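Heads up: the structure comes next, in structure tokens.
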There are 2 protein chains.
Amino acid sequence: MATSMLMDSEPNVIPPISRRPLLSVAVTDALRGKIESAVWVPGARVPTEKDLSAQLNVSRATVREALTRLKHEGYVYSVQGKGAFVADKPGLNTFRVDQLLSENPIDSAHIFELRSLVEQNCAALAAERRSVTNLREMKRALKKMVCEQKNGGLGLEADIAFHRSIADATGNPILARFADFVGKHTREYLQVVRLSALKSAHRLDDIEREHMEIIEAIEARKPEAARKAVSRHLENGTPHPDLRRLPL
Amino acid sequence: MATSMLMDSEPNVIPPISRRPLLSVAVTDALRGKIESAVWVPGARVPTEKDLSAQLNVSRATVREALTRLKHEGYVYSVQGKGAFVADKPGLNTFRVDQLLSENPIDSAHIFELRSLVEQNCAALAAERRSVTNLREMKRALKKMVCEQKNGGLGLEADIAFHRSIADATGNPILARFADFVGKHTREYLQVVRLSALKSAHRLDDIEREHMEIIEAIEARKPEAARKAVSRHLENGTPHPDLRRLPL
DNA sequence: AAGGTATTGTTGTCAGACAACCTGACTAAT
DNA sequence: ATTAGTCAGGTTGTCTGACAACAATACCTT
């Protein structure tokens, strides 16, 4: 009983450890392969579900499950009564970052680098385009974060809000969404580091100062200064292997 | 007969015009809403397929189709015999760019900007890290592209290979993949522009020179020069509204 | 009490059917 | 002859029911 409770309440440990390869996944890969290898070209008709289930010797339900995934990935689309067709830009409407984190530290570093680039550019663009409203929002988030941290909290939400306010100031919603996407991927990884780092009141002052420098650069409309401020901030806060010193 | 042929051979124009909202899509949205609104928290168990089909008054097949999509989006995962569970970082393993292009020119400009940022940074990083092999690859691709264009071709593939060789030189595969993702989204849009631009032999020389400047900066290990060379190159080649001059 | 077994529940797969919809051919009316 | 309407066949979307594979628990035998 105790063990079972433990198993169930075990907090999100096991990412879907692959058991045996699911049939539907195999079918998905097979069909996607047909498209990626250009055997089926954009606009062409995909064989009917019945044909596929006959050819692959699986049930139509399994074929449908595979097609559902491919539709969602943007490889094919279907019209009721007509059939399924290969999409114009197969597979290029989604950018996936799957089981990369926490497996290989190198991969983590790669994502960190992507985040760093994105946030540096966000800050630079924000410095060019920010409105007074944007600026107010940044300051509000920073104040909240500092307040929370001085009360012993992590201030993680406020930190996210801070970076988001910078991304919003670029006026580019797609860029902002991507910053969000990359940011959330990395921040979780940082949480534990942050906790220990925050024990030092010294580092806490550093963080506040680093954020202030970012805001000041954006307020003064100095893109390069903003970029460098973000770069410094992230380098200080992210203890990941330095890619520049790794063999490539 | 003639009309039907025309309809069929019409080259990939109409994205799947939404007919009536599919049931499975409605279910997908409903379930995703439960997760995004934090009614179902990460790690929690999702109701069984049977329960869901009873509650929503749809068949289990439809529920499964919805769950298939959500699994693929990274909102949930399932284990045979146990059940389905909300993922740790719901929905954050995919970055989607859906029906944005060619509908709204502003959106196109936003993606162009993202591409420009990514490629500038790729070039800058490449300037720091490129190997001689990388450099050789860039030159090879450029030579091929120029050759094709002088023979009246577009040299699109070679152009893609050129930019990819720069992305590869960063040594960051995730960044390279993202550059590929964004690049292919924008390049198709450019194709028609390029065609007319290439008619001018003058512009053709420009393009070659611009590419050469990029390579030279990377060869000389000058990150900022490489960044600016890419920036110039993209600004010359992309006739999109300048975001800096748009009201924000 | 411990270990093996049966039972129950859940997801994965299969099979068949009907509904909604598209296409093309055929028919009938003008 | 042209046009409109109807019908038939094919395809995807949804429904129903069943079995297989697997996990967890309850039970039973030793």
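The structure displayed is predicted, hence computed values, not measured ones.
- Legend: residues meeting salt bridge (charged side-chain N to carboxylate O under 4.0 Å, His left out) with A:Arg164, ordered by chain and number and at least two apart, are A:Asp180.
- Rounded to a whole Å, the CG atom of B:Asn57 is 14 Å from the C1' atom of D:dT16.
- Between the CG atom of A:Leu23 and the P atom of C:dA15 there is a distance of 11 Å, rounded to whole Å.
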Extract from the structure each pairing of a protein N or O with an N or O of nucleotides 5-11 of chain C at less than 3.5 Å, listing the distance.
residue : atom : partner : partner atom : Å
C:dG9   : N2   : B:Gly81 : O            : 3.2
C:dT10  : O2   : B:Gly81 : N            : 3.4
C:dT11  : OP2  : B:Glu49 : N            : 3.1

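- Spacing between atom CD of B:Glu65 and atom P of C:dT13 amounts to 14 Å, rounded to whole angstrom units.
- Residues B:Cys122 and B:Leu175 share a closest heavy-atom pair of SG-CG, 3.8 Å.
- Shown here are the salt bridge (charged side-chain N to carboxylate O under 4.0 Å, His left out) partners of A:Arg45, two or more places apart in sequence or in another chain: there are none.
- Look at CG on B:Leu22: it is 18 Å from P on C:dA19, rounded to the nearest Å.
- Going from atom CG of A:Leu56 over to atom C1' of C:dT13 covers 14 Å, rounded to whole Å.
- Residues satisfying the ring pair (Phe, Tyr, Trp, His ring centres under 6.0 Å) criterion with A:Phe85, sequence neighbours excluded, are A:Tyr77.
- For residues 33-43 of chain A, the set of pairs meeting the side chain to side chain donor-acceptor pair (under 3.5 Å) definition, not counting sequence neighbours, comprises A:Glu36-A:Tyr75.
- Every residue two or more places apart in sequence or in another chain was checked for a salt bridge (charged side-chain N to carboxylate O under 4.0 Å, His left out) with A:Asp168, and none qualifies.
- Considering only side-chain N and O atoms, B:Ser24 lies under 4.0 angstrom from the phosphate OP1 or OP2 of D:dT14.
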